[in-house]
Amino acid sequence: EPLDLTKFCIELIEDLQFSHSQHYTITAEYEGDCSIVEMDAALLWHILTNLLSNAIKYSPPKSKIQFSLCCQADTATFRVQDHGIGIPLKDQSHLFETFYRCSNVGKVQGTGLGLAIAKKCVDLHRGDIQVTSELGKGAVFAVALPMRPAYSQ
Ligand code: ATP
Ligand code: MG
């Protein structure tokens with residue numbers, strides 16, 4: 001079923017922003033034609049909700065969270081950037097394992113499942129997820145997904 005990806009993202013961000021009672025500002029940028037894609041909305045929801053809620057959870061209140069979506073050449077690239085605690089280099093290769101939590105989470109609660117679920121959804125979509133981070137300065141998660149995927153089993 002065709003999906004308007006821009007509309008989907010705008011609504012998802014609005015919902016998140018609302019449920020976190022305006023303590024955060026999520027800015028969003030859209031580039032390219034993302035109006036008709038053939039992606040699975042449930043998989044997308046898991047991916048984006050996990051990345052954005054992590055950005056909120058691991059950043060100080062009032063800090064800026066930047067979202068962008070770029071659609072070109074049959075690939076949709078999502079980027080979620082925060083200015084929070086960041087991810088230690090030694091933890092970066094384990095982030096997507098189930099129940100893995102980094103050494104610098106302090107008192108922030110979590111199960112360590114969100115990114116494992118996001119990664120699984122990206123794989124089902126035959127896409128790619130990458131992280132870059134500087135400790136104490138924030139993290140950037142980038143997800144590239146084919147706009148017309150042949151779903152894997
Ligand atoms: P939950 O299952 O509720 O999402 P969680 O947030 O701890 O729990 P994941 O979302 O899988 O689990 O993330 C795994 C770990 O990666 C986190 O515990 C945290 O240490 C680190 N992490 C994830 N996103 C960020 C981020 N944006 N900034 C800093 N650390 C992060
Ligand atoms: Mg999480």
Side-chain angles (χ1 to χ4, degrees), residues 3 5-32 34 37 39-71 75-146 149 151-153:
L3 176 76
L5 189 53
T6 309
K7 185 165 172 268
F8 181 87
C9 292
I10 289 171
E11 287 173 359
L12 186 147
I13 288 169
E14 224 171 62
D15 286 352
L16 269 175
Q17 188 108 52
F18 182 76
S19 57
H20 291 275
S21 55
Q22 285 108 35
H23 281 313
Y24 292 84
T25 311
I26 305 174
T27 65
E29 279 176 34
Y30 300 92
E31 200 186 316
C34 315
V37 302
M39 299 164 116
D40 185 302
L43 292 181
L44 273 176
W45 187 88
H46 280 293
I47 297 166
L48 298 178
T49 301
N50 276 309
L51 294 183
L52 286 163
S53 55
N54 280 346
I56 290 169
K57 189 158 129 177
Y58 300 107
S59 299
K62 307 283 178 203
S63 71
K64 197 166 153 190
I65 290 158
Q66 290 147 290
F67 172 84
S68 70
L69 166 63
C70 175
C71 292
T75 301
T77 306
F78 305 83
R79 202 169 169 280
V80 177
Q81 175 164 26
D82 68 58
H83 302 276
I85 62 173
I87 298 160
L89 196 58
K90 66 174 169 58
D91 292 310
Q92 288 180 18
S93 55
H94 300 288
L95 278 186
F96 303 104
E97 295 168 10
T98 45
F99 303 115
Y100 192 85
R101 304 200 71 219
C102 304
S103 44
N104 64 331
V105 288
K107 291 199 166 97
V108 182
Q109 300 289 315
T111 344
L113 284 176
L115 285 180
I117 293 167
K119 168 83 168 120
K120 183 79 191 169
C121 294
V122 169
D123 289 348
L124 284 169
H125 221 291
R126 296 189 190 277
D128 179 64
I129 183 165
Q130 299 288 340
V131 59
T132 49
S133 176
E134 202 179 326
L135 194 57
K137 297 210 165 151
V140 181
F141 285 84
V143 174
L145 299 176
Y151 289 101
S152 55
Q153 298 302 308

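First listed ligand is number 1; within each ligand, the first listed atom is number 1.
Ligand 1 lies less than 4.0 angstrom from a heavy atom belonging to K57.
For a threshold of 3.5 Å applied to N or O pairs, the pair formed by G112 and ligand 1 contains at least one separation below that value. Annotation: N50 places no N or O atom under 3.5 Å from an N or O atom of ligand 1; distance criterion only. The distance criterion of under 3.5 Å between nitrogen or oxygen atoms is not met by I85 with respect to ligand 1. Here's the thing with G114: one of its N/O atoms is less than 3.5 angstrom from an N/O atom of ligand 1. By the 3.5 Å distance cut-off applied to N or O atoms, Y58 is counted among the residues near ligand 1.
Here the side chains of T49 and L12 are in contact, with some heavy-atom distance below 4.5 Å. Residues L145 and L43 form no side-chain contact, since every pair of their non-hydrogen atoms from C-beta on lies 4.5 Å or further apart. When side chains are defined from C-beta on, H83 does not count as touching S59, because their heavy atoms never get closer than 4.5 Å.
The Mg ion (ligand 2) has no N, O or S atom of N50 inside 2.8 Å of it.
Of the candidates C102, S103, S59, A55, C102 brings a heavy atom nearest to atom 21 (C) of ligand 1. Scanning G86, G110, G84 for the heavy atom closest to atom 29 (C) of ligand 1 points to G86. Evaluated by nearest non-hydrogen atom to atom 23 (C) of ligand 1, the leading choice among V80, N54, T49, L113 is N54.
Residue contact check: V105 has heavy atoms under 4.0 Å from atoms 18 (O), 19 (C), 20 (O) of ligand 1. Of all atoms in ligand 1, numbered sequentially from 1 with element shown, those under 4.0 Å from a heavy atom of I87 are 29 (C), 30 (N), 31 (C). Proximity to Y100 (heavy-atom distance under 4.0 Å) selects the following atoms of ligand 1: 14 (C), 15 (C). Remark: ligand 1 atoms within the under-4.0 Å shell around heavy atoms of L95 are 16 (O), 21 (C).
Using modelled atom types, one finds no donor on one side chain facing an acceptor on the other under 3.5 Å when comparing D82 with S63.
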I would like to know whether T27 and F67 meet side chain to side chain contact (heavy atoms under 4.5 Å, CB included); could you show each step before the answer? CA-CA 6 Å; T27 65; F67 172 84; over 6 Å; no
Go through the steps to decide whether F141 and F78 satisfy the test side chain to side chain contact (heavy atoms under 4.5 Å, CB included), and finish with yes or no. CA-CA 8 Å; F141 285 84; F78 305 83; over 6 Å; no
Do S133 and Q92 pass the side chain to side chain contact (heavy atoms under 4.5 Å, CB included) test, and can you show the C-alpha distance, the side-chain angles, and the key distance before you say yes or no? CA-CA 9 Å; S133 176; Q92 288 180 18; 3.7 Å; yes
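When atom types are taken as modelled, the side chain of K119 and the backbone of E97 share no donor-acceptor pair closer than 3.5 angstrom. When atom types are taken as modelled, the side chain of D40 and the backbone of H125 share no donor-acceptor pair closer than 3.5 angstrom. Between the side chain of Y100 and the backbone N or O of H94 there is no donor-acceptor pair closer than 3.5 Å.
Here D82 has side-chain heavy atoms under 4.0 Å from ligand 1, and that is the only part of it that gets that close.
Protein heavy atom at the shortest distance from atom 9 (P) of ligand 1 is L115 N, 3.6 Å. In terms of protein heavy atoms, atom 7 (O) of ligand 1 is closest to R101 NE, 2.6 Å.
Environment of NZ in K57: crowded, with over 12 heavy atoms of neighbouring residues, nucleotides or ligands closer than 6.0 Å.
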